[in-house]
Amino acid sequence: MTPRVKGRSSTQRWATVALTLVAAASSVSALVSCSTDNGDSGSTTFTPRPTPPATESFSGTPPSALASAAESARAVASAAASSASAAASAFEASVSAEVARANAAAAEKLKNVQGSGNATADVVLTGKPRAQTGGLTAVVVNVTNSTDQVSSYAVQVDFTDSSGKAVESRTVGVENLDPGGKAQPLAISRKPADLNLTPRVAKAQRYN
């Protein structure tokens, strides 16, 4: 019930009530505007703080520093092995088809040779750095024609283990070498490098 105000008419009392309601509505509107209008310089916004994840919901364990280092070492070793294999393949591929043919012809010549042959004195082996052979064991077969006529040579190189047993044999050939001439074909082992094989001249045959 609206209190009676002395000295005022009924119309004035209702006007007063209406003004009071309008003022209250304006205050509410102003409050709503301040809380929602982010463009006003005087407004205040509320940003919720992110909640960290609950670690108890995770499964498994994080990788240790030792495990990571071991995995890295394995990756490096694998890459090195692949690189060495590629280098070895590239080195062997560099041998020309003509050299391969001469080696095959030399192998045929040695089939019927008894003993060590007639030209071991004309052959000397020298090592080839593995850095140049992709890690393979290889030797330079130095052949010198000590005769006074054009000659061809067939040379068998045995790669022996620590007991002196031949574990692999390779044959190289030199064709039509002039008198006093020199040639340096390669004998390449395909056995693993860690076997530490020793090359030696097993047979050397000179023919015309």
Side-chain angles (χ1 to χ4, degrees), residues 69-208:
E71 184 64 27
S72 178
R74 284 193 295 270
V76 171
S78 177
S82 297
S83 178
S85 177
S89 297
F91 177 73
E92 288 195 284
S94 67
V95 179
S96 69
E98 180 60 25
V99 170
R101 186 201 62 77
N103 291 349
E108 287 294 324
K109 291 293 182 180
L110 289 177
K111 282 184 177 180
N112 298 319
V113 172
Q114 300 298 319
S116 59
N118 62 7
T120 55
D122 290 351
V123 181
V124 177
L125 304 180
T126 56
K128 187 76 172 175
R130 289 184 178 179
Q132 300 177 14
T133 65
L136 297 177
T137 300
V139 291
V140 180
V141 183
N142 301 280
V143 180
T144 302
N145 184 0
S146 61
T147 71
D148 57 1
Q149 58 185 341
V150 176
S151 300
S152 297
Y153 287 80
V155 181
Q156 176 183 320
V157 176
D158 286 351
F159 292 89
T160 62
D161 59 17
S162 57
S163 68
K165 177 184 178 181
V167 297
E168 183 182 20
S169 296
R170 308 297 297 175
T171 302
V172 299
V174 176
E175 296 180 332
N176 303 319
L177 190 61
D178 292 333
K182 299 179 183 295
Q184 294 181 311
L186 293 176
I188 307 169
S189 171
R190 289 173 175 76
K191 296 296 183 180
D194 57 2
L195 291 181
N196 294 320
L197 301 178
T198 301
R200 67 180 182 86
V201 178
K203 292 182 179 183
Q205 183 72 15
R206 181 177 54 248
Y207 61 95
N208 297 323

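- Geometrically, Lys191 does not engage Phe159 in a cation-pi contact defined by less than 6.0 Å to the ring centre and at most 45° from the axis.
- Residue pairs meeting the side chain to side chain donor-acceptor pair (under 3.5 Å) criterion with at least one partner in residues 171-181, sequence neighbours excluded, are Arg101-Glu175.
- Not counting sequence neighbours, the partners of Ser169 by the side chain to side chain donor-acceptor pair (under 3.5 Å) test are Asp158.
- Counting only distance, with no hydrogens or angles, the side chain of Arg170 and the backbone of Ile188 share a donor-acceptor pair below 3.5 Å.
- Side chain of Asn103 to main chain of Gly173: a donor-acceptor pair is present (N/O by atom type, distance under 3.5 Å, no hydrogens or angles).
- By the side-chain contact (heavy atoms from CB on, under 4.5 Å) test, Lys111 is found to be paired with Glu108, residues two or more places apart in sequence or in another chain being considered.
- For the pair Leu177 and Tyr153, the tightest heavy-atom approach, listed with the atom from each and the gap, is CD2-CE1, 4.2 Å.
- Every side-chain contact (heavy atoms from CB on, under 4.5 Å) that Lys128 has, sequence neighbours left out, goes to Gln132, Thr133, Ala138, Val140, Leu186.
- Pro179 is listed as a side-chain neighbour of Val150, based on a closest heavy-atom distance under 4.5 Å.
- Side chains of Arg190 and Leu136 form no contact here, defined as non-hydrogen atoms less than 4.5 Å apart.
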(message) Between Ser162 and Asn196, does the side-chain hydrogen bond (donor to acceptor under 3.5 Å, both in side chains) criterion hold? Intermediate values first, please.
(response) CA-CA 8 Å; Ser162 57; Asn196 294 320; over 6 Å; no
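- The minimum heavy-atom distance linking Ser151 with Thr147 is given by the pair OG-OG1, 3.4 Å.
- Inter-residue side-chain proximity for Val174 and Pro185 is flagged as met; some heavy-atom pair is nearer than 4.5 Å.
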Please output the side-chain donor-acceptor pairs of residues 198-205 that fall under 3.5 Å, not counting sequence neighbours, one pair per line with the distance.
| unit_1 | atom_1 | unit_2 | atom_2 | d |
| --- | --- | --- | --- | --- |
| Lys203 | NZ | Val113 | O | 3.2 |
| Gln205 | OE1 | Asn118 | N | 3.3 |

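- A donor-acceptor contact shorter than 3.5 Å is absent between the side chain of Asn145 and the backbone of Gly181.
- With sequence neighbours left out, Ser146 forms a side chain to side chain donor-acceptor pair (under 3.5 Å) with Asp122.
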